[in-house]
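Keep in mind that the numbers below use all heavy atoms, side chains included, and drop hydrogens, waters and symmetry copies. The structure displayed is predicted, hence computed values, not measured ones.
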Amino acid sequence: MRSLLAGAAIAALAACGGGDKSSDPAPVAGQSTRPASDAEAVRFLQQATFGATPADIARVKEIGYENWINEQFALPRNSHLEFLTRQVPLPIPANTTVSSAPLYYSFWRQAISAPDQLRQRTTFSLSQIVVTSAAEAQLSNDADDAHGLAAHLDILSEHAFGNYRDILQSVSTHPTMGTYLTSLSNRGDNGRTPDENYAREVMQLFTIGLFELNMDGTQKTVNGQPVETYDMDDIRNLAKVFTGWSWGNQGTADPSNNRFFGNAAARDPMRRVIPMQFYPQYHSPDAKTFLSVTIPAGTNGTQAMRTSLDTLFAHPNVAPFIGKQFIQRMVTSNPSSAYVQAVSQAFASGSFTSPGTNRSFGSGQRGDLRAVVAATLLHPEARAAGAATDSGKLREPILRVTTMLRAFEATSQTGNWRIGDTDTTLFQTPMKAPTVFNFFRPGYVPPNTTIASTPGLVAPEFQIAHEVSVATYANTLQNWVPNGLGQVPTGSGLTGNDVRAQYTAARALSTNPDQLADHINLMLTANSMEPATRNAVRDAIASVSATGTNAAANRVNLGVFMTMMAPEFLVQK
C-alpha cells in the first residue's frame with residue numbers, strides 16, 4: 001500500500017530540497033505584490049491558510065500578498081474557550097460528564113470557517129511547537145481539562161501576531177502546561193530535588209534546541225563536532241526556577257498549602273483556565289546558575305522566572321530554531337540556508353521588508369511574530385515560480401481535510417462543526433499530539449527512502465505516514481468525500497453527517513470533464529498535477545455517466561477522491 005500512496009509522495013518530495021531560487025520580477029516599490037494567476041494565489045493560500053476558497057483567491061489577486069497579510073493581521077479572533085463554555089459552562093455543573101470533543105469541534109470550526117485564516121494557520125504552527133495534548137492522561141482526568149486545553153490554544157491564538165516572549169511567559173504559568181510537563185506543584189523547598197521536566201523541554205523544544213546554531217540554521221561545530229546548548233547542570237538549576245508554582249485563584253492571592261496541593265476545599269472553579277500563582281514557601285531559595293547567568297539566592301520566584309525566560313529568549317539560537325520550524329510548518333520541509341537566515345533575522349530584529357517593495361512588517365522588537373510570519377510567506381523561496389517544483393512538504397492529514405472542505409464550500413448542519421477525535425481515521429487529532437515532540441519531529445527522516453539517501457533532507461510528516469495510516473486514509477476518503485464527516489447529535493432531528501462539502505461550483509462543471517478536472521486541479525493542487533495525472537482524473541470523470549439523478553455528484557466525488565490520492569496533492573508545493 002505504501003507504494004500506492006506514501007511511496008509516490010516520497011518520490012515527489014525527494015526533490016524538495018533547499019538551494020538558491022530565482023524570484024519573480026520585482027514589483028514597484030510600495031505596491032503589494034499580486035499573484036499572476038489563480039494557481040499562484042492558491043499556492044500562497046495553501047501555505048498561509050487551511051485551504052484556498054474562491055473568495056480568498058479573488059481577494060489575494062485583487063489586493064496582493066502584502067495587503068492580504070496586513071488585512072489578516074487586523075481581523076479579530078474568536079476564543080476557543082468561549083466556544084467550549086457555550087457547550088458546557090464554567091464552573092461545570094455537578095454530575096456533568098465532559099469529553100474533549102468540544103475542543104476538537106472548536107478547532108475544526110475555526111480552521112474551516114473562520115475568516116482570520118492566517119491567524120488560524122499560525123496558531124496551528126505554534127501548537128505544534130509549544131505542545132500540550134489531550135493524549136496526556138493527566139489532561140483527561142478532570143471534567144474541565146478540555147477547557148484548560150482550549151485556554152492554552154487561546155494563548156497561542158492571542159499571541160500569534162504578537163511576541164514570542166509573551167507566549168513563553170503565558171504558557172509557563174498556565175496550569176495546562178504545568179500539568180502536561182509537571183511543573184504544577186513543583187517543589188524546591190527543604191532541599192528537595194525539583195521536577196526537571198519543564199526546564200528540559202522549555203529549552204529543548206520551545207526555545208534553543210539541543211545544539212548551537214548559526215543564523216542560517218546550520219549547526220556550529222568545534223573540531224567537527226556539534227556544540228551542545230546546555231548540560232545537566234543547566235537543567236538542574238533551571239528546574240529550581242520553576243518551583244513554587246501551582247493552582248491560581250480569581251480573588252486575592254491565597255498561597256495556602258491546601259490550594260497549592262489542589263485540595264478540594266481550596267479549588268477555584270476556574271483553576272484550569274486561569275494562570276498559576278506563586279507560592280513562596282515551596283520555591284527553591286538557592287542561587288540558580290544556567291547558561292552562564294546566575295539568579296541570586298533568595299530571588300523572588302516571579303522575578304526568577306522572568307529572568308530565566310528573558311535569558312532563554314535572548315539566546316541567539318531561538319531565532320533560527322523557531323524560525324525554521326515556522327517555515328517547515330507553513331511552506332517547506334527543507335528550506336535553504338538563505339531562507340532560514342531571512343526568517344531568523346526577522347525574528348531577531350522584529351522586522352521584515354518584503355523583497356522588491358518598501359512594505360515592512362513588525363514592531364522592531366525581537367520575537368515579533370508578524371515579522372516572522374511575513375518573512376516565512378513572502379521570502380522569494382516561498383513565492384518564486386521555481387519553488388512550485390523545487391520545494392514542498394508532505395501535507396499532514398488535518399491539512400488534507402481542511403483543504404478539501406474549504407475548497408468545496410463545506411457547511412455544518414449544527415453550526416458546531418462536530419468533527420471529533422480523528423485518531424483512527426487520520427492518525428492525527430488536533431491538540432492531541434502523542435508526545436511533547438508533536439505528531440512528528442522536525443528532523444524526522446523516513447528510513448529506506450530516497451530522502452534518507454540524500455544528506456540533509458528531512459520529511460517530518462512522514463513519521464505518521466505508514467501502511468496502516470495510508471490504507472485508512474484511502475478508505476476514509478471514499479466515505480468522507482461524498483458523505484461528509486462528523487456526527488449530528490442524537491435526537492436532533494438532523495440526518496447524515498454534520499460537516500459536508502457542497503461542491504456547488506464543481507458540480508456546475510460536471511458535464512465537461514476537462515473543465516471539472518481543471519477546477520479540482522486548481523483548488524486542491526494549485527495546478528501542480530503532472531499532465532498524466534490530470535488526464536487520468538479527466539478520463540475517470542468522463543467514464544462516469546453524465547446523466548441521471550446523481551451524475552454530477554458521482555463525477556465530482558470521483559475526481560476529488562482521485563486527486564486527494566495523488567502525490568501532487570499529498571505534497572504541498
Practice item. Just say parallel, tilted or perpendicular for the rings of Phe44 and Tyr65, cut-offs at 30° and 60°. Key: tilted

Check your understanding: Is it the case that Arg121 places NZ or CZ above or below the six-membered ring of Phe124, under 6.0 angstrom from the centre and within 45 degrees of the axis?
Key -> no

Exercise for review: Take Thr411 and Gln502, measure what side chain to side chain donor-acceptor pair (under 3.5 Å) needs, and give me the verdict at the end.
Suggested key: CA-CA 7 Å; Thr411 59; Gln502 300 303 304; 3.0 Å; yes

**Study point:** Whether Thr422 side chain and Thr425 backbone form a donor-acceptor pair below 3.5 Å
**Key:** no

Exercise for review: Begin from the C-alpha positions of Asp421 and Thr429 and carry the test side chain to side chain donor-acceptor pair (under 3.5 Å) through to its verdict.
Suggested key: CA-CA 6 Å; Asp421 190 312; Thr429 298; 3.1 Å; yes

Check your understanding: Checking side chain to side chain contact (heavy atoms under 4.5 Å, CB included) against Val373, which of Val343, Leu118, Asp368 comes through?
Key -> Leu118

Review point. Hey, is the main chain of Ile63 close enough, under 3.5 Å, to the side chain of Ser32 for a donor-acceptor pair?
Key: yes

Practice item. Applying side chain to side chain contact (heavy atoms under 4.5 Å, CB included), name anything that partners Phe440, two or more places apart in sequence or on another chain. Key: Gln128, Arg329, Glu396, Gln428, Asn438, Pro460, Glu461, Gln463, Ile464

Exercise for review: Return the set of residues passing side-chain hydrogen bond (donor to acceptor under 3.5 Å, both in side chains) with Thr563 (not counting sequence neighbours), or none when no residue passes.
Suggested key: none

Check your understanding: Could you go step by step and tell me if Glu381 and Ser336 meet the side chain to side chain donor-acceptor pair (under 3.5 Å) rule?
Key -> CA-CA 8 Å; Glu381 190 166 325; Ser336 69; 2.4 Å; yes

Review point. Of all residues at least two apart in sequence or in a different chain, which pass the ring-ring contact (aromatic ring centres under 6.0 Å, His included) check with Phe361?
Key: none

Review point. If you measure from the Lys or Arg side-chain nitrogens to the Asp or Glu carboxylate oxygens, is any gap between Glu568 and Lys573 under 4.0 Å?
Key: no

Check your understanding: With Ser354, which of His379, Glu66, Arg359 fulfils side chain to side chain donor-acceptor pair (under 3.5 Å)?
Key -> Glu66

Practice item. Examine distances only and state if a side-chain atom of Arg418 and a backbone atom of Gln487 form a donor-acceptor pair shorter than 3.5 Å. Key: yes

Review point. Is the charged tip of Arg400 near the ring of Phe569: under 6.0 Å from the six-membered ring centre and within 45° of its axis?
Key: no

Check your understanding: Passes side-chain contact (heavy atoms from CB on, under 4.5 Å), Phe206 versus Leu309? Steps please.
Key -> CA-CA 11 Å; Phe206 303 168; Leu309 295 178; over 6 Å; no

Review point. Would Val458 and Asn334 count as a side-chain contact (heavy atoms from CB on, under 4.5 Å) if you check the C-alpha gap in whole Å, the side-chain angles of each, and the deciding distance to 0.1 Å?
Key: CA-CA 7 Å; Val458 299; Asn334 297 287; 3.4 Å; yes

Exercise for review: Determine whether more than 12 heavy atoms belonging to other residues, nucleotides or ligands lie under 6.0 Å from atom CD of Gln204.
Suggested key: yes

**Study point:** For His80, ring-ring contact (aromatic ring centres under 6.0 Å, His included) partners two or more places apart
**Key:** none

Exercise for review: In sequence, state the C-alpha distance, the side-chain angles, and the governing distance for Arg43 and Gln46, and then conclude on side-chain contact (heavy atoms from CB on, under 4.5 Å).
Suggested key: CA-CA 5 Å; Arg43 182 170 170 272; Gln46 290 185 346; 5.8 Å; no

Practice item. Using ring-ring contact (aromatic ring centres under 6.0 Å, His included) as the criterion, list what pairs up with Phe321, not counting sequence neighbours. Key: none

Check your understanding: Would Phe352 and Ser360 count as a side-chain contact (heavy atoms from CB on, under 4.5 Å) if you check the C-alpha gap in whole Å, the side-chain angles of each, and the deciding distance to 0.1 Å?
Key -> CA-CA 6 Å; Phe352 173 76; Ser360 295; over 6 Å; no

Review point. Between Gln110 and Arg77, is there a donor-acceptor pair closer than 3.5 Å when you use the side chain of the first and the backbone of the second?
Key: no

**Study point:** side chain to side chain donor-acceptor pair (under 3.5 Å), paired with Asn479, selected from Thr476, Asn475, Asn483
**Key:** Asn483

Point to revise | Under 3.5 Å: donor-acceptor pair, side chain of Thr525, backbone of Asn521 | key: yes

Study note, to complete from the structure: Residue set satisfying ring-ring contact (aromatic ring centres under 6.0 Å, His included) with Tyr105, at least two apart, ordered chain then number -> none

Exercise for review: Assert yes or no for the condition that the ring centre distance of His466 to Phe427 is strictly below 6.0 Å.
Suggested key: yes

Check your understanding: Do side-chain atoms of Thr53 reach the backbone of Asp56 as a donor and acceptor pair under 3.5 angstrom?
Key -> yes

Point to revise | Nearest heavy-atom neighbours spanning Ala433 and Phe439 | key: CA-CE2, 3.5 Å

Review point. So, the side chain of Arg383 versus the backbone of Leu377: is there a donor-acceptor pair under 3.5 Å, distance only?
Key: yes

